[in-house]
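Below, chains carry the letters A, B, ... as their sequence lines are ordered, and counting in each starts from 1.
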Amino acid sequence: MIQSKIAELVRDAIRKAQEGNELPEFEVPDIPIERPKLEGHGDFATPACLQMAKLARMAPVRIAGVINGHMSQADFVGHSEAVSPGYINFRLADLWLAQQVGVILEAGDRFGNVDLGHNSRIQVEYVSANPTGPLHVGSARNAVIGDALANVLAAAGYDVQREYYVNDGGTQMGLFAESLYARYAQALGHDVPLPESGYHGTYLAEMGGRAAREYGSCLLNMDHSEALKAIGDIGLSYTMETIKNDMAAMGITFDQWFSERSLYQGGGFEQVLNLLRSGGFLAERDGAVWFTATNLGADKDEVVIRSGGAPGYFASDIAYHYDKFVERGFERVIDVWGADHQGHVPRMKAMMRAMGLDPERLSIVLYQLVTLKRGGEIVRLSKRTGEIITLREVVEDVGADAVRFFLLSRSAESQMDFDLDLAKEQSSENPVYYVQYAHARICSILRLGADRGLDTVEGDLSLLTHPMELNLIRHMLMLPEIVELAASTLAPHHLSSYAQELASRFHVFYRDCRVVSSDPADRELSLARLRLMRAARLVLARTLHLMGMNAPEQM
RNA sequence: GCCCCUGUAGCUCAGCGGAUAGAGCAGCUGCCUUCUAAGCAGUUAGUCGGGUGUUCGAGUCACCCCAGGGGCGCCA
């Protein structure tokens, strides 16, 4: 990346200054290259001289002046200057910038890629909501963050696998089966009450009716535990069907749907237990088997096998992560969790240590829960009581792209309100359309160019000298930095502000620069600008796709 | 009580230890005979919750306090 090339120039200049005795000898520290906030400060700047003042026993400005005096020429640097209080500012060369349009076009869909991952295998596990009903809106943030993260990591050079963990075992699943059985029996005219703590949503009554239609009364004659097992599997297939559809409505597809039950089907679970036991990480207490996480830095121990003999959820988590790292060999795993599970994180890290794995290989991205509102009123959600707003409703109401953009425009750790009424009202004012509109406008220009028989390949890029052309190109070139930032900090929200700024620079360009001109004298400039448009479209579309959004050709 | 996250413009939020803290929305004022006005330009607006430190330099790091959210189950 260009930053490292600039740092190299600076290091080189320092060395020359030292050889010429204009600077004293000292160990040269790392040279930070940053993006100045103010446009007047150039494209890049280094505050290195501020840090070197002590080492050199000179005023920072003087150091900067000396170093800048020894700066070598480079095709990408148009100008560098030393300024008070001791910065060296760099401005990219206009011609070099213009030529980058060709570089972007050549890279095509790969523009923006960086090699952080060296093709190492990484898994992103997200959504993973209990299969006890349709997805509710709360899962939307998880889905959007996880999916964009997976996209960004792929762009950053990782071999990414997307996974949904299906909690098809455990207590909640049992309750679900009992509740559905009641609804099924009711649909057939039998007065079977819903369990006290069961699921009361209306969707369950519909599922009961469907089961009654599809399977008749045959389950009623079965042994009750057999019938529960059967209705549970039927319900599971129903919910997985809707969950997959809901995800598809958001444009999300998983590489694997991993069944919790499958963890107990081979001998894998016993193997992991033995591993922990032989490491001395298990203890019996009150008839249950505990994972002694407190010995590994966590604040609490955790039950693995309940006193009734059934494995607890943490047992599944252990076996599941063992499977991820050891059986399937992922080098890194990212779990996307709601903040209501944050207390669980230290035990997960402890588990990694107990299994002899570097805890750094497991990253848990926590996002704060979204407070749903309707006309300013907080909407409480619970699948059990049936108070539920489904993800599908919201997607159909507000639109998948708007939901994605909104949820990606804030960092995961920020709490946010999602007012469903407001989202609908504002949808025409939503920034999502601002960005997509820019893309549609570019497409419109390209269409006109094609109509006039102008090609988009031959243009002479050196004709791109207008400040707004260069302003646009400057920002297009930042995509790789954004990908690197988002991937290394696991924070895909950086994409949305980048997209907005990119769209803004295009709109300003559009105002000032006519692309397809009817004046024959402008033909060469038109061709050059059409190439620019093709590159701009590429970068904008790539950014939208990284966010999981569509890049419409018309609006 | 203990642990985690958050507190930045009227509202919703960006902001990798660096220069004069930004955007969108809302408000006000202008701009369509030429590639989409879902656009552009101008304008109003901040003790960065409060305090003390660390540093050449703090919205950013540390500690304390205040406020909001979440967690502290043989639920997941």
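A:Ser518 comes within contact range of no nucleotide atom at all, as no heavy-atom separation falls under 4.0 Å. Here A:Val304 lies out of heavy-atom contact (under 4.0 Å) with every strand. Within 4.0 Å of A:Gln436, counting heavy atoms only, lies no atom of the nucleic acid at all. Here A:Asp286 lies in heavy-atom contact (under 4.0 Å) with a base. A:Glu553 comes within contact range of at least one nucleobase, with a heavy-atom separation under 4.0 Å. Nucleic acid contact for A:Ala339: sugar-phosphate only, since backbone atoms but no base atoms lie under 4.0 Å from a heavy atom of the residue.
Side-chain rings of A:Phe506 and A:His439 stay apart, their centers remaining 6.0 Å or farther from each other. Aromatic ring centres of A:His344 and A:Phe314: separated by under 6.0 Å. The distance between the ring centers of A:Phe269 and A:Tyr322 does not fall below 6.0 angstrom. Taking the centre of each ring, A:Phe418 and A:Phe406 come in below the 6.0 Å mark.
Residue A:Tyr510 places no side-chain N or O under 4.0 Å from the OP1 or OP2 atom of B:rA38. The phosphate of B:rA14 has OP1 or OP2 within less than 4.0 Å of a side-chain N or O from A:Ser411.
Across residues 529-540 of chain A, not one residue has a non-hydrogen atom less than 4.0 Å from an atom of RNA chain B.
Summarising the geometry, the separation between OH on A:Tyr498 and C1' on B:rC13 is reported as 21 Å, rounded to the nearest angstrom. In this structure, A:His344 atom NE2 and B:rA76 atom C1' are separated by 8 Å, rounded to whole Å.
With the 3.5 Å cutoff on both pairing distances, Watson-Crick and G-U pairs in RNA chain B assemble into runs of at least 3 at B:1-7 with B:66-72, B:10-13 with B:22-25, B:27-31 with B:39-43, B:49-53 with B:61-65.
Judged as a side chain to side chain donor-acceptor pair (under 3.5 Å), not a single pair has a partner in residues 482-499 of chain A (not counting sequence neighbours).
For B:rA14, the base is not stacked against the aromatic ring of A:His493, per a cut-off of 5.5 Å between centres and 30° between planes.
Base orientation at B:rC32 is syn, since its O4'-C1' glycosidic dihedral falls within 90° of 0.
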Exercise answer: donor-acceptor pairs, residues 51-66 of chain A side-chain atoms, under 3.5 Å, sequence neighbours excluded:
none

Enumerate the protein-to-nucleotides 55-63 of chain B contacts in which both atoms are nitrogen or oxygen and the separation is below 3.5 Å.
{"unit_1": "B:rC56", "atom_1": "OP1", "unit_2": "A:Lys54", "atom_2": "NZ", "d": "2.3"}

Atom pairs under 3.5 Å: protein N/O with N/O of nucleotides 2-8 of chain B:
{"unit_1": "B:rC4", "atom_1": "O2", "unit_2": "A:Gln342", "atom_2": "OE1", "d": "3.2"}
{"unit_1": "B:rC4", "atom_1": "O2", "unit_2": "A:Gln342", "atom_2": "NE2", "d": "3.1"}
{"unit_1": "B:rC5", "atom_1": "O2'", "unit_2": "A:Gln368", "atom_2": "NE2", "d": "3.3"}
{"unit_1": "B:rC5", "atom_1": "O2'", "unit_2": "A:Glu413", "atom_2": "O", "d": "2.7"}

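Applying the ring pair (Phe, Tyr, Trp, His ring centres under 6.0 Å) test between A:Tyr126 and each of A:Tyr367, A:Phe254, A:Trp337 identifies A:Phe254 as the sole match.
Distance from the side chain of A:Ala288 is smallest to B:rC74 among B:rC75, B:rC74, B:rG24. Minimum atom distance to the side chain of A:Asp340 is reached by B:rG70, of the listed B:rG70, B:rC35, B:rA41. Among the nucleotides B:rC75, B:rA19, B:rA37, the one closest to the side chain of A:Arg441 is B:rA37. Checking B:rC35, B:rG70, B:rC40 against every side-chain atom of A:Arg514, the shortest atom distance belongs to B:rC35.
Nearer to the 5' terminus of RNA chain B, by closest-nucleotide assignment, is the contact made by A:Leu38 (compared with the other of A:Val508 and A:Leu38).
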